[in-house]
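Report on the following structure.
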Amino acid sequence: MRPLLATIDLSAIRHNLAVARRCAPGRQVFAVVKANAYGHGVREVVTALHDEADGFAVASLEEAAEVRALHGTARILLLQGCFEAEEYAFAAQLQLDVVLHDACQAEQLLAQRLSRPLAVWLKLDSGMHRLGLSEAQLRDWHGRLQGAEQVAELNLLSHFACADERGHELTEQQLGDFLAVLDLDFAQRSLANSAAVLTIPAAHMDWLRPGIMLYGASPCAELSAAELGLQPAMSLTARLLAVREVAVGESVGYGATWVAERASRIGTVSCGYADGYPRHAPSGTPVLIGGQRVPLVGRVSMDMLCVDLSDLPAAQVGDEVQLWGAQLPVDEVAQAAGTIGYELLSKVTARVPRRYRS
Ligand SMILES: Cc1ncc(COP(=O)(O)O)c(C=O)c1O
């Protein structure tokens, strides 16, 4: 078997959910499990959080159906709402909570005869300018939807653009815009993603929506997951397949982009970009062998990557290699590769076997 494995620690995910609860006592929690639970496996994560989360948040009806099959009673929030009018009937059947982010979705909902009314979350565009109603539209639709036969409950939701950057002025403004519509009658309110759960108590409202923090990566640039008390859930481990000596002036990998400036010992690792390791990770990106960081060298290939073992003479073929995980935070690798932990975790591909620890 190819030596590459993503080991998922489900107790770490439960621990991280407990951290969210401690930050915001008494609030309810939608665990964000879209994109296959950020790459961790939606079946296993929903099962692990079955009795811990009050609800789950997903990006599509297909994802919602998968979660509903695993949990008969939890609230399931469709973060972008329905994409087509025909989806509302199924959403009602699955007893989903649906977001309405524009007039078209609201009109489509009002045109339905549903088997049961839906819990509706009006989405305010408070400054992210991606999805959502303006304040005027929101006030208008609040009036038209209140009491409609399709609506069981009318709720308010918005999303931060910069909550991960401490003290960002847009966050203040977004929070202000959210508070400004609370004169309207809403059953439930939700604003906080992971960064806001961890650092902005005024944004906690009724329902938290933590995603990345559940998986043990940091949503904040200046605060590490460890500093936030989070435990990494995924360890991506491979093995050293080969070790060779490379003379000064010789190159490693496609394009011969890395050239040895000293006589070097090069190790070849069983993980590549078709597994989800970022191809654009530059030479120098840390990789962990025997508890020590060694630098990636040369271009990442489809199934392999190379590291410089010159400062780790004991390393040999067969040694375990950690690409990220318990001892090498995914955020550190992401930073070196010019991306974020979210992308690395959610892009671990299907060919990487997942092993679960409960
Ligand atoms: C609307 C919404 N809420 C909550 C989240 C969770 O965010 P995070 O993973 O930063 O906690 C997301 C993630 O993209 C989202 O789109």
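Note that the numbering runs from 1 along the sequence shown for the chain. What you see is a predicted model, and the numbers here were worked out from it, not measured in a lab. Just so you know, ligand 1 is whichever comes first in the structure, and atom 1 is the first atom listed for that ligand.
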Would you give the length of the straight line joining atom [atom1] of [X] to atom [atom2] of [Y], rounded to the nearest 0.5 angstrom?
{"X": "Leu288", "Y": "Arg293", "atom1": "CG", "atom2": "CZ", "result": "6.0 Å"}
{"X": "Asp308", "Y": "Ser264", "atom1": "CG", "atom2": "OG", "result": "5.0 Å"}
{"X": "Ile8", "Y": "Met234", "atom1": "CD1", "atom2": "CE", "result": "4.0 Å"}

Mind listing the N or O contacts between ligand 1 and protein, cut-off under 3.5 Å?
| unit_1 | atom_1 | unit_2 | atom_2 | d |
| --- | --- | --- | --- | --- |
| ligand 1 | 3 (N) | Arg209 | NE | 2.9 |
| ligand 1 | 3 (N) | Arg209 | NH2 | 3.3 |
| ligand 1 | 9 (O) | Tyr38 | OH | 2.6 |
| ligand 1 | 9 (O) | Ile212 | N | 2.8 |
| ligand 1 | 10 (O) | Tyr342 | OH | 2.6 |
| ligand 1 | 11 (O) | Ser194 | N | 2.8 |
| ligand 1 | 11 (O) | Ser194 | OG | 2.5 |
| ligand 1 | 11 (O) | Gly211 | N | 2.8 |
| ligand 1 | 14 (O) | Lys34 | NZ | 2.8 |

Next item on the list: Can you label the angle between the His142 ring and the Phe186 ring as parallel, tilted or perpendicular, going by 30° and 60°?
Entry: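 Perpendicular, since the angle between the ring planes exceeds 60°.
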Note to self: Within the supplied structure, the quantity of interest is the number of heavy atoms (other residues, nucleotides, ligands) at a distance under 6.0 Å from Arg144 CZ; does it exceed 12?
What the structure shows: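 Yes, the 6.0 Å shell around CZ holds more than 12 heavy atoms from other groups.
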Notebook entry, point to check: Any idea which heavy atoms bring Asp331 and Ala225 closest together, and the distance?
Noted result: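 That would be OD2-CB, 4.3 Å.
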